[in-house]
Amino acid sequence: MADKVIYLREKPASPADERNFKIKYAELLNPAQLAAVTHRDGPLLVIAGAGSGKTRTLIYRVARLIESGVPPGAILLLTFTRRAAQEMLRRAEQLVGDRAGAVAGGTFHSFANNVLRRHGAPMGLKPNFTILDRSDMEDVINLIRTRMGLGSRERRFPKKSTIAEAISMARNKRRALEEEIEIDFPHLSEHQTEILALAKNYESYKRERALLDYDDLLYRLAELLEQYENVRRRLSDSYRYIMIDEYQDTNLIQADLVRLLAMNHSNVMAVGDDAQSIYSFRGANFRNIMDFPTIFPGAKIVKLEENYRSIQGILDVANDVISRAGEKYTKALFTQREGGFRPYLVRAQDEHMQSRFVAQRILELREEGVELSEIAVLFRSSFHSFDLELELQRRDIPFIKRGGFKFIETAHIKDVLAHLRVIANPQDAVSWLRVLTLVKGIGHRTAERTIDALVASDDPATAVSKFAEKARGGSEGGLKRLGALLAELRAGEKRPPEQIAMTLEYYLPVMREAYADDYPKRERDLEHFQNLTERYKSLEQMLADMALEPPSDSLDGVLATDSEDEHMTLTTIHSAKGLEWKVVFLIWAADGRFPGPQSVGDDEIEEERRLMYVASTRARDELYLSYPIHMFDRSFGFVMGRVSRFLEDVPAELLQSATLQESEET
DNA sequence: TACAAGTAAGTTTTT
DNA sequence: CTTACTTGTA
């Protein structure tokens, strides 16, 4: 065993030392930002209001550390999406050059993935484990449910997605499943016994087959750090400066991971804004940000309150919305940006009129010289933009849509991936199920029986071919072709693009039969998918990426823009987190849509309010809030819509009200 | 017995 | 549009 490494702290920087730095930090940052950036050792909490230069502060701190002689590889930057991490590192590179590229960065999940593959062996984890995304998780649950013979008669059993949600939520909130059901899913209580048994089986099922779902990535990393002191020590020694962005959206396990990783040095910088906590549905707990000083005693706290993004008129509305929050840090954003614009509150007759208004205003903005990339339309739920998407298409306004259904989640992409996943991890029974049921003449029953034998065999390709010989019910030919494909995929050193090409050759005819009505569309998706995976050299890496950071374009977006042409953005508020545009539209700012019908409890309403705050602070220069007064409700037909309760009480002088009218000309 | 096709209900946000 | 259960066919 190697000696413990002791790092000597550098002398604290005195003002004279500033000359040693190439970057003139004091000139480029405001006093609060500077305090955060020049902070060197020990815990630091930065409460950063919307648009207060949070990202800038993080980037300059990375640069500062590197300039002070900290090896870039000793810096760990945990962010909410990998896109955010990459963007930050790119900007850091502009400051200090290539060195910044060596900074370790990514999401908690991708970090956990890497650590577990490298150091998971002592706890019996195979390095080729498969990551289950949400729909894989649901597939497994469904499979186990059928095996257990649950819900076949009398009582209708809850949907797999509901069960998956309950199981995941319990883990993210660190609760017993029983307790979780009692609190958040009382309507499932009549099936509690079965669900608990199912959850137990789900756990062992994953363990036996080297499958990890999203929650497992975090949990098993915590387990590794807690139970294997030498691993924890090694990681803590190699990542001596840890920074976490969007700390208000971490959950209890993530907070624990930070504590464990920082145990040797306490060099942790957490950045966040309690007013922007919008992921409690995923177990995020904004209390983490408040408890930070308790977990890391002596934490220095810096507040960034000056907003550099929005004009005052927009901030006034945002401040007013959040001022009615039940519980909050008092923090009022202010700006030195002048400008007389007041946000619009636009009342439309119906949804389509709302869409036409947005499209028309966008065309006007383009006339005024505003680039499309500077315009975004935000909404609470992905489906809220359907009508608008049609209208934009009709008027040839190019857009991409972020959030909502992703094209990587479509059946045909998952089908192709499943073939590759069984190559990477032959124990991956979920993928086997997918692969086998695609063969004509094989349904769930036959597939399930076959899988156990396949998982146990060393050479699945040959095993499949053997099954082909004994097959009945017309599955012989299909199985034979499948066996040949698998053998080919495994043979020699092949790269992902090659493997995908081979899989497609096998899969395309299968798909044409399975999705006879719309296969041309799916073929185009697969082509797009091929382009995306062109750069991968390792199959494992590609599969992990697809599960952890799938390309965020939605299907609609991919089809709407043929190329990398300039385009505007449609996005859910959640996916708009951390981003900004010159002009922002928020559609469906109507009670019943935002907040939606499912937000009933006080906590839920409070989170919706923070969402409204996040949405309105994305805009730099212009903000348009709109709602239709006639809206369709599936049970009541057309009902009167009213403005979202979060905007209802905003003083009239802060907003410009407008009503849309059909022009008289014919 | 097992697969395939057909029918009737429910729909947020994401790593 | 998806999912859970029902009915029809080999």
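Remember, predicted model here, so these are calculated numbers, not experimental data. So that the names make sense, note that chain A is the first sequence line, chain B the second, and so on, each numbered from 1.
Sequence order on DNA chain B of the closest nucleotides to A:S381 and A:N172 puts A:S381 first from the 5' end. Residues A:A547 and A:E604 each lie close to DNA chain B; by heavy-atom proximity, the contact nearer the 5' end of the strand is made by A:E604.
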Can I get a per-line list of side-chain donor-acceptor pairs under 3.5 Å for residues 165-173 of chain A, giving both atom names and the distance, sequence neighbours left out?
from: A:S168; atom 1: OG; to: A:N172; atom 2: ND2; distance (Å): 3.2
from: A:S168; atom 1: OG; to: A:D215; atom 2: OD2; distance (Å): 2.8
from: A:R171; atom 1: NH1; to: A:D216; atom 2: OD1; distance (Å): 2.7
from: A:R171; atom 1: NH2; to: A:D216; atom 2: OD1; distance (Å): 3.2
from: A:N172; atom 1: OD1; to: A:N251; atom 2: ND2; distance (Å): 2.8
from: A:N172; atom 1: ND2; to: A:S168; atom 2: O; distance (Å): 2.9
from: A:N172; atom 1: ND2; to: A:D215; atom 2: OD1; distance (Å): 3.1
from: A:K173; atom 1: NZ; to: A:D184; atom 2: OD2; distance (Å): 3.3

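The distance from atom CG of A:L257 to atom P of B:dT15 is 18 Å, rounded to the nearest whole Å. Rounded to whole Å, the distance from CD1 on A:I408 to P on B:dT14 is 16 Å. Rounded to whole Å, atom C1' of B:dT15 lies 15 Å from atom CD of A:E165. Here the P atom of nucleotide B:dT13 and the CD atom of A:Q248 are 20 Å apart, to the nearest Å. The CZ atom of A:R402 sits 12 Å away from the C1' atom of B:dT14 (whole-angstrom rounding). Taking atom CZ on A:F157 and atom C1' on B:dG10, their separation rounds to 17 Å, with Å as the unit. Rounded to an integer number of Å, the gap from A:L212 CG to B:dT15 C1' is 14 Å. A:N251 has its CG atom 17 Å from the P atom of B:dT14, to the nearest Å.
Stacking between A:F281 and the base of B:dT13 is present: ring centres sit under 5.5 Å apart and the planes differ by under 30 degrees.
The pair A:R145-A:E194 does not meet the salt-bridge criterion, since no charged nitrogen lies less than 4.0 angstrom from a carboxylate oxygen.
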Strictly under 3.5 Å: I want the nitrogen or oxygen pairs between protein and nucleotides 3-7 of chain B, one per line.
from: B:dC3; atom 1: OP1; to: A:G443; atom 2: N; distance (Å): 3.4
from: B:dC3; atom 1: OP1; to: A:T446; atom 2: N; distance (Å): 2.8
from: B:dC3; atom 1: OP1; to: A:T446; atom 2: OG1; distance (Å): 2.1
from: B:dC3; atom 1: OP2; to: A:R445; atom 2: N; distance (Å): 3.0

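Note on A:S161: nothing from the nucleic acid sits closer than 4.0 angstrom, heavy atoms only. Across all strands, A:S110 comes closer than 4.0 Å to no nucleic acid atom at all (heavy-atom distances).
Note on ring orientation: taking the six-membered ring where Trp is involved, the planes of A:F80 and A:Y279 are tilted (angle from 30° to 60°).
Looking at every heavy atom in both residues, A:G272 comes nearest to A:Q248 through CA-OE1, 3.1 Å. Here the shortest heavy-atom pairing between A:V430 and A:D139 reads CG1-CB, 3.7 Å. Summarising the geometry of A:I408 relative to A:K414, their closest heavy-atom pair is O-CG, 3.8 Å, with the distance given to 0.1 Å.
Figure legend: A:R117 and A:F129 shown as a cation-pi pair, the cationic atom lying under 6.0 angstrom from the six-membered ring centre and within 45 degrees of its axis. A cation-pi geometry, defined here as NZ or CZ lying under 6.0 Å from the six-membered ring centre and within 45° of its normal, does not hold between A:R147 and A:Y205.
Regarding contacts with the backbone of B:dT14, a side-chain N or O of A:S575 is found under 4.0 angstrom from either OP1 or OP2. Between A:S599 and the phosphate of B:dT12, there is no side-chain N or O to OP1/OP2 separation shorter than 4.0 Å.
Atom CG of A:D452 is surrounded by more than 12 heavy atoms from other residues, nucleotides or ligands within 6.0 Å.
None of A:R642, A:R593, A:E351 except one satisfies the side-chain contact (heavy atoms from CB on, under 4.5 Å) rule with A:M631; the exception is A:R593.
Among the nucleotides C:dT3, B:dT14, B:dT12, the one closest to any side-chain atom of A:Y279 is B:dT14. For A:R380, counting side-chain heavy atoms from C-beta on, the closest listed nucleotide (B:dT14, B:dT12, B:dT15) is B:dT12. Checking C:dC5, B:dT14, C:dT3 against the side-chain heavy atoms of A:R145 singles out C:dC5 as nearest.
Helical stems of DNA chain B (runs of at least 3 Watson-Crick or G-U pairs, donor-acceptor distances under 3.5 Å) are listed by first residue: B:1-10 with C:1-10.
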